[in-house]
Number of protein chains: 2
Amino acid sequence: MENNKMSAFEVTYEKIRDMIFNGELSNGQKITETKLAEQLGVSRTPIREAIKRLEQEKLIAENRVANPTDRDYQNIFEMRILIEKYAIVKAVQFFTDSDVEEMERLVEIGYSGTKEETMEANKAFHERIVAATKNDVMIDYFNQMQSIIYLFRKTVLHYKRPGLIDEHKAIVDAIKDRDASRAERLIEEHLQADLDFALYYLRK
Amino acid sequence: MENNKMSAFEVTYEKIRDMIFNGELSNGQKITETKLAEQLGVSRTPIREAIKRLEQEKLIAENRVANPTDRDYQNIFEMRILIEKYAIVKAVQFFTDSDVEEMERLVEIGYSGTKEETMEANKAFHERIVAATKNDVMIDYFNQMQSIIYLFRKTVLHYKRPGLIDEHKAIVDAIKDRDASRAERLIEEHLQADLDFALYYLRK
DNA sequence: TTTATTATAATTGTATACATAATCAAAGAA
DNA sequence: TTCTTTGATTATGTATACAATTATAATAAA
């Protein structure tokens with residue numbers, strides 16, 4: 001019997017996070033506990049916990065919705081590239097045939113799926129690579145970055161960055177060929193291209 | 001005019017953390033908000049926030065003082081090695097003469113200082129290397145790991161691991177010689193030796 | 001007009017109160 | 001004895017109350 005009853009804190013956390021994602025709370029906007037509490041129909045207590053967690057994810061800073069600078073994004077991607085380059089070497093070493101098939105399936109969704117499906121598949125693609133480290137600490141840090149990365153991914157896919165899915169395909173091919181150095185190079189180029197593209201559009 | 005008035009949350013956080021560090025709260029021991037609140041003379045509110053943060057640092061998990069497994073420590077060090085190897089290449093590229101002098105000063109304290117001074121210097125040694133990345137995200141993740149790492153460092157220095165300071169010296173020499181690949185190799189060996197030594201004594 | 005100064009309001013930090021859920025022990029049934 | 005069941009206890013989650021701080025705005029002085 002599963003426990004599908006979420007605490008007020010969890011519900012609140014997700015709601016506020018989604019409000020930031022969909023722009024209902026915009027960049028730089030002041031966050032006040034009282035207003036959110038009233039708006040979401042809970043007391044300040046769970047709101048505060050949610051805010052603490054969102055601060056940890058850098059989605060909120062100094063009582064405001066984060067307004068990351070280019071530098072912030074570059075820092076996140078520098079960290080992310082470091083982790084994913086490390087992870088993909090593990091994937092090349094240890095991915096089984098069925099792991100590779102799963103990656104190919106995710107690439108296929110990128111070609112034929114809806115925008116939502118593609119976003120999910122894109123996220124899963126990178127998660128599977130990082131999971132290859134089998135290192136919970138690394139996976140945890142990677143996941144912490146996801147909230148900020150989400151904003152990126154939305155931009156990149158909204159504008160349909162050319163070649164994105166082809167790059168994914170090329171990475172899977174490198175894993176299949178068990179070519180670690182090629183895979184490392186491709187994932188770095190892929191992530192760097194993502195960053196450059198998103199920064200370009202975020203600044204327009 | 002500086003603000004040296006700490007909030008109850010901050011005081012509480014440091015107190016609980018130190019209680020874990022010095023063994024007043026031992027591995028696996030149950031953490032109860034009510035008791036800590038009474039003991040530290042504050043309400044449960046700041047206690048809860050402190051616990052949340054300690055959970056983030058992995059010093060508390062599931063309402064208990066963390067009792068990390070060898071695997072946990074290995075994971076942290078795998079992450080740490082990844083960051084420090086990346087950082088030291090930056091240090092080799094960008095450290096000025098005065099940065100190098102400062103590193104040499106820290107090594108010197110390792111040879112001649114008290115145990116407390118040596119622990120501080122050891123911590124500072126690695127912090128300076130990571131600071132060379134000038135990447136706040138990376139620095140932040142590294143700092144999050146410090147609490148667990150502290151427990152290690154205490155063990156390693158308590159048993160006076162042979163060669164530890166010599167290894168620091170060799171690393172500084174590699175930076176002085178601007179030899180990135182040697183510096184990378186040395187820092188990895190150094191950290192791996194730290195891990196192996198500490199695990200050996202922690203399990204005895 | 002600009003800058004201080006003060007009063008007011010709003011917001012956060014902390015304490016307390018209450019409700020729900022988890023834990024544990026005792027009593028009874030198999 | 002071992003396993004349920006129930007009741008009592010304790011702990012946590014959430015709401016509310018109060019205190020202290022910070023921000024806002026209005027007025028007075030330069």
Side-chain angles (χ1 to χ4, degrees), chain A residues 1-20 23-68 140 143-144 147, chain B residues 1-20 23-68 140 143-144 147:
Chain A
M1 193 193 300
E2 74 262 78
N3 180 7
N4 47 12
K5 176 173 11 175
M6 285 170 74
S7 66
F9 152 68
E10 287 171 297
V11 175
T12 301
Y13 160 74
E14 292 194 357
K15 278 190 183 163
I16 300 177
R17 190 197 52 189
D18 291 345
M19 284 165 80
I20 294 173
E24 205 171 328
L25 288 171
S26 56
N27 277 3
Q29 187 173 337
K30 183 91 194 294
I31 294 282
T32 63
E33 297 170 5
T34 318
K35 281 181 196 155
L36 278 175
E38 194 177 350
Q39 200 172 342
L40 302 181
V42 295
S43 79
R44 276 175 55 214
T45 310
I47 297 277
R48 295 192 101 221
E49 303 200 344
I51 288 175
K52 275 262 158 68
R53 181 151 159 202
L54 290 162
E55 280 173 346
Q56 188 185 327
E57 295 175 359
K58 312 285 182 205
L59 240 38
I60 291 180
E62 297 165 16
N63 299 324
R64 295 184 174 279
V65 176
N67 198 358
D140 186 48
N143 287 338
Q144 275 182 233
S147 288
Chain B
M1 195 194 300
E2 74 262 81
N3 179 6
N4 48 12
K5 177 174 10 175
M6 286 170 74
S7 66
F9 152 67
E10 288 171 298
V11 175
T12 302
Y13 160 75
E14 291 193 358
K15 278 190 184 164
I16 300 176
R17 189 197 54 190
D18 290 346
M19 285 166 80
I20 294 174
E24 205 172 328
L25 288 170
S26 57
N27 276 4
Q29 187 172 337
K30 183 91 194 294
I31 294 282
T32 63
E33 298 170 4
T34 318
K35 281 181 196 154
L36 278 175
E38 195 177 349
Q39 200 171 341
L40 302 182
V42 294
S43 80
R44 276 175 55 217
T45 311
I47 296 277
R48 297 191 101 223
E49 303 199 343
I51 289 176
K52 276 261 156 70
R53 179 148 159 206
L54 290 163
E55 280 174 347
Q56 188 186 328
E57 295 175 358
K58 311 286 182 204
L59 240 38
I60 291 180
E62 297 165 17
N63 299 325
R64 294 183 174 279
V65 176
N67 198 358
D140 186 48
N143 286 338
Q144 274 182 233
S147 288

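Numbers restart at 1 for each chain; the letters A, B, ... are given by sequence-line order, proteins then strands.
Crowding of Glu38(B) atom CD: a count of heavy atoms from other residues, nucleotides or ligands under 6.0 Å not exceeding 12.
Protein atom CD of Glu38(A) is 11 Å distant from nucleotide atom P of dT11(C), rounded to whole Å. Look at CG on Leu36(A): it is 15 Å from C1' on dA10(C), rounded to the nearest Å. Nucleotide dT14(D) holds its P atom 15 Å from the CD atom of Glu33(A), rounded to whole Å. In this structure, the NZ atom of Lys52(A) is 12 Å from the C1' atom of dT14(C), given to the nearest Å. Distance, Phe9(A) CZ to dT20(C) P: 21 Å, rounded to whole Å. At whole-Å resolution of the value, CZ in Arg64(A) and C1' in dT22(D) are 13 Å apart. One interatomic measurement links the two molecules: CG of Leu40(A) to P of dT14(D), which rounds to 13 Å at whole-angstrom precision.
Within the nucleic acid shown, Ile51(B) has no heavy atom closer than 4.0 Å to any nucleic acid atom. Residue-level contact check: Ile47(A) touches neither bases nor backbone, having no heavy atom under 4.0 Å from any strand. Residue contacts shown for Thr32(A) are limited to sugar-phosphate atoms, with no base heavy atom under 4.0 Å away. Using a 4.0 Å heavy-atom criterion, one finds that Ser7(A) contacts the sugar-phosphate atoms exclusively.
The only option from Thr32(A), Leu36(A), Thr34(A) that meets the side-chain contact (heavy atoms from CB on, under 4.5 Å) definition with Arg44(A) turns out to be Thr34(A).
Comparing Arg44(B) and Glu49(B) against DNA chain C, the residue whose closest nucleotide sits nearer the 5' end is Glu49(B). Both Lys30(A) and Thr45(B) sit near DNA chain D, but only Thr45(B) has its closest nucleotide nearer the 5' end.
Which of dT12(C), dT12(D), dG13(D) sits closest to the side chain of Arg48(B) comes down to dG13(D). Closest to the side chain of Ala8(A), out of dT14(C), dT14(D), dA11(D), is dT14(D).
Using a 4.5 Å heavy-atom threshold, the side chains of Ile47(A) and Leu40(A) count as touching. Within the 4.5 Å cutoff, side-chain heavy atoms of Met6(A) are placed close to those of Glu14(A).
Judged by distance alone, with hydrogens and angles left aside, Thr34(B) brings no side-chain donor or acceptor close enough to the base of dA11(D) to form a pair under 3.5 Å.
For Ser43(A), a side-chain nitrogen or oxygen approaches OP1 or OP2 of dA15(D) to under 4.0 Å.
Contact check on Arg17(A) versus Glu57(A) returns no salt bridge, with no Lys/Arg side-chain nitrogen under 4.0 Å from an Asp/Glu carboxylate oxygen.
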